[in-house]
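Throughout, protein chains are lettered first and strands after them, A, B, ... in sequence-line order, and every chain is numbered starting at 1.
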Number of protein chains: 2
Amino acid sequence: MEISKREEEYLEAMYILHKNKGIIRVKDIARRLKVKPPSVVDALKKLSEKGLIQYEKYDRILLTDEGKEIAEKVYSKHKLLMNFFIEILGIPPDIAEEDACQFEHHIHDITAQRMREFAKYIQEQCPYVIKQFIKEHIEKRKSEDSSKIEEVGNEH
Amino acid sequence: MEISKREEEYLEAMYILHKNKGIIRVKDIARRLKVKPPSVVDALKKLSEKGLIQYEKYDRILLTDEGKEIAEKVYSKHKLLMNFFIEILGIPPDIAEEDACQFEHHIHDITAQRMREFAKYIQEQCPYVIKQFIKEHIEKRKSEDSSKIEEVGNEH
DNA sequence: TAAATTCTTTAGGCTAAACTAATTTTGGTG
DNA sequence: CACCAAAATTAGTTTAGCCTAAAGAATTTA
């Protein structure tokens, strides 16, 4: 069964909503993905047909095990990319977030895994060099910025 | 004027064809992007309307200055990503190529620039650590592999 | 140079993913 | 418990990007 990038995004959004507030609502998915509610409903129907979510109209929305598995895979790539961009490259969190949101759907497992290993390796082998690199490239960075890595944009 | 990711890919393909063989043909664009010729013609018309290429039917195809500028921007990101994936992370060239082809259209300029700086910095500050990381993660890598960074897939 | 082959283009159609406007359902409140 | 506002859904369009089949142009070759 084919699953598009966009469908992955819907699944990820639902996964995060479920994790954050327990309940998944059309309105909230729409806000996250910056689309209108009718577009969400279309997507829900397709995902439901594919067995990735459990959905009856006007009823609560839930990810199936299969849907959850896909969402988790995407989401773990998201977190790893955020970590790499912020802790290794020193990219501002809002930029990192946008890049991560795109890359997570395209990146090969090998590349993702290697980035994870690289971050670990380099931080163990030469933490000072990394620290220095970050320092040289970050003008102003608030102390709580790095907390953004775990956070998942509770929408404003 | 809005320019889509896909349009960027068309421009980049044409730029590379022009660079490699001087002449840009529908058939070759189609092969590069893995689409059929009619799809290419559709794209050419749109790009022409946007002033990014010079195109009259059955006539030669050329990038305009504006089109070339966009293509070069994308292509330079492609090369930088290839370098990063291969030389820093030790990703196999064929995988690196696929990831680069996706990322090049999404990555922020800041992130791209930072990756470039990071690669330079780390290779100067602790080349041995990088070498060691690569060594530990590469099983079999043919000696000519790294030449792939400059090459641009003269299609098989 | 005429025929054959290859390349390009047109015509017509399909799908994914989005939108607006209008309708239906739900859930909270007086 | 009836009403109302908010949320969800349906219906009907639009657009980008792709396709196949068929026609038209250009190039190669006998």
Side-chain angles (χ1 to χ4, degrees), chain A residues 1-14 17-18 20-63 67 70-71 74 101-102 104-106 155, chain B residues 1-14 17-18 20-63 67 70-71 74 101-102 104-106 155:
Chain A
M1 179 207 24
E2 275 310 299
I3 158 135
S4 73
K5 312 291 178 200
R6 198 46 170 162
E7 286 174 327
E8 279 185 9
E9 294 190 69
Y10 276 99
L11 289 175
E12 189 191 17
M14 287 185 265
L17 284 167
H18 185 261
N20 283 358
K21 40 165 73 179
I23 194 162
I24 302 170
R25 278 187 298 153
V26 170
K27 190 187 57 162
D28 295 329
I29 300 171
R31 184 158 71 238
R32 266 190 178 276
L33 299 188
K34 301 200 205 317
V35 297
K36 305 295 179 192
S39 308
V40 174
V41 175
D42 282 353
L44 293 179
K45 286 175 184 167
K46 282 193 194 159
L47 290 169
S48 172
E49 274 169 25
K50 294 187 179 185
L52 302 174
I53 65 171
Q54 197 182 310
Y55 167 69
E56 295 294 338
K57 61 166 144 166
Y58 296 114
D59 201 358
R60 80 202 182 303
I61 302 162
L62 285 179
L63 292 172
I70 293 169
V74 173
C101 276
Q102 294 298 321
E104 66 192 13
H105 304 289
H106 301 291
E155 49 261 274
Chain B
M1 179 206 26
E2 273 310 300
I3 158 135
S4 72
K5 312 292 177 198
R6 198 47 170 163
E7 286 173 327
E8 279 185 10
E9 293 190 70
Y10 276 98
L11 290 175
E12 188 190 20
M14 287 186 265
L17 284 168
H18 186 261
N20 283 358
K21 40 164 73 179
I23 193 162
I24 302 171
R25 278 186 300 154
V26 171
K27 190 187 56 159
D28 295 328
I29 300 171
R31 184 158 71 238
R32 266 190 178 278
L33 299 188
K34 302 200 204 316
V35 297
K36 304 295 179 190
S39 307
V40 174
V41 175
D42 283 352
L44 293 180
K45 285 175 184 167
K46 281 194 194 160
L47 290 170
S48 172
E49 274 169 26
K50 294 187 180 184
L52 301 174
I53 65 171
Q54 198 181 309
Y55 168 71
E56 295 293 338
K57 61 167 145 167
Y58 295 113
D59 201 358
R60 80 203 182 303
I61 302 162
L62 285 179
L63 292 173
I70 292 169
V74 174
C101 277
Q102 294 298 322
E104 65 192 14
H105 304 290
H106 302 290
E155 49 261 270

In whole angstroms, how far is the P atom of C/dA18 from the NZ atom of A/Lys5? 15 Å
Please write out the pairs of protein N or O atoms and N or O atoms of nucleotides 2-5 of chain D separated by less than 3.5 Å, giving the distance to one decimal.
none

Non-hydrogen atoms of B/Glu2 and B/Glu7 that approach each other most closely: O-OE1, 3.9 Å
Rounded to whole angstrom units, what separation is found between the NZ atom of B/Lys27 and the C1' atom of C/dT5? 12 Å
Output the rounded distance in Å from CD1 (A/Ile61) to P (D/dT9). 7 Å
Where A/Ile24 and A/Ile61 come nearest, the two heavy atoms and their spacing: CD1-O, 3.5 Å
Rounding to an integer number of Å, can you tell me how far B/Ile29 CD1 sits from D/dG17 C1'? 15 Å
Indicate the atoms forming the closest heavy-atom contact of A/Tyr10 with A/Val35, along with that distance. OH-CG2, 3.7 Å
Would you indicate whether A/Lys36, at its atom NZ, is surrounded by more than 12 heavy atoms from other residues, nucleotides or ligands within a distance under 6.0 Å? no
Check the interface with nucleotides 19-23 of chain C: list each N/O to N/O pair with the protein under 3.5 Å, or write none.
unit_1 : atom_1 : unit_2  : atom_2 : d
C/dC19 : OP2    : A/Lys36 : N      : 2.8
C/dC19 : OP2    : A/Ser39 : OG     : 2.6

Atom CD1 of B/Ile3 and atom P of D/dA16: how far apart are they, to the nearest Å? 13 Å
Kindly give the heavy-atom pair with the smallest separation between B/Ala30 and B/Pro37, and that separation in Å. CB-N, 4.0 Å
Heavy-atom closest pair (A/Leu17 atom, A/Arg25 atom, distance to 0.1 Å) is CD1-O, 4.5 Å
A/Lys57 vs D/dA8: side-chain N/O to OP1/OP2 distance below 4.0 Å: no
Can you see if the side chain of A/Tyr10 gets near the phosphate of C/dA18 - specifically, an N or O under 4.0 Å from OP1 or OP2? yes
Side chain to side chain donor-acceptor pair (under 3.5 Å) pairs touching residues 37-46 of chain B, sequence neighbours excluded, are none
State which of D/dG17, D/dA8, C/dT9 makes the closest approach to the side chain of A/Arg25. D/dA8
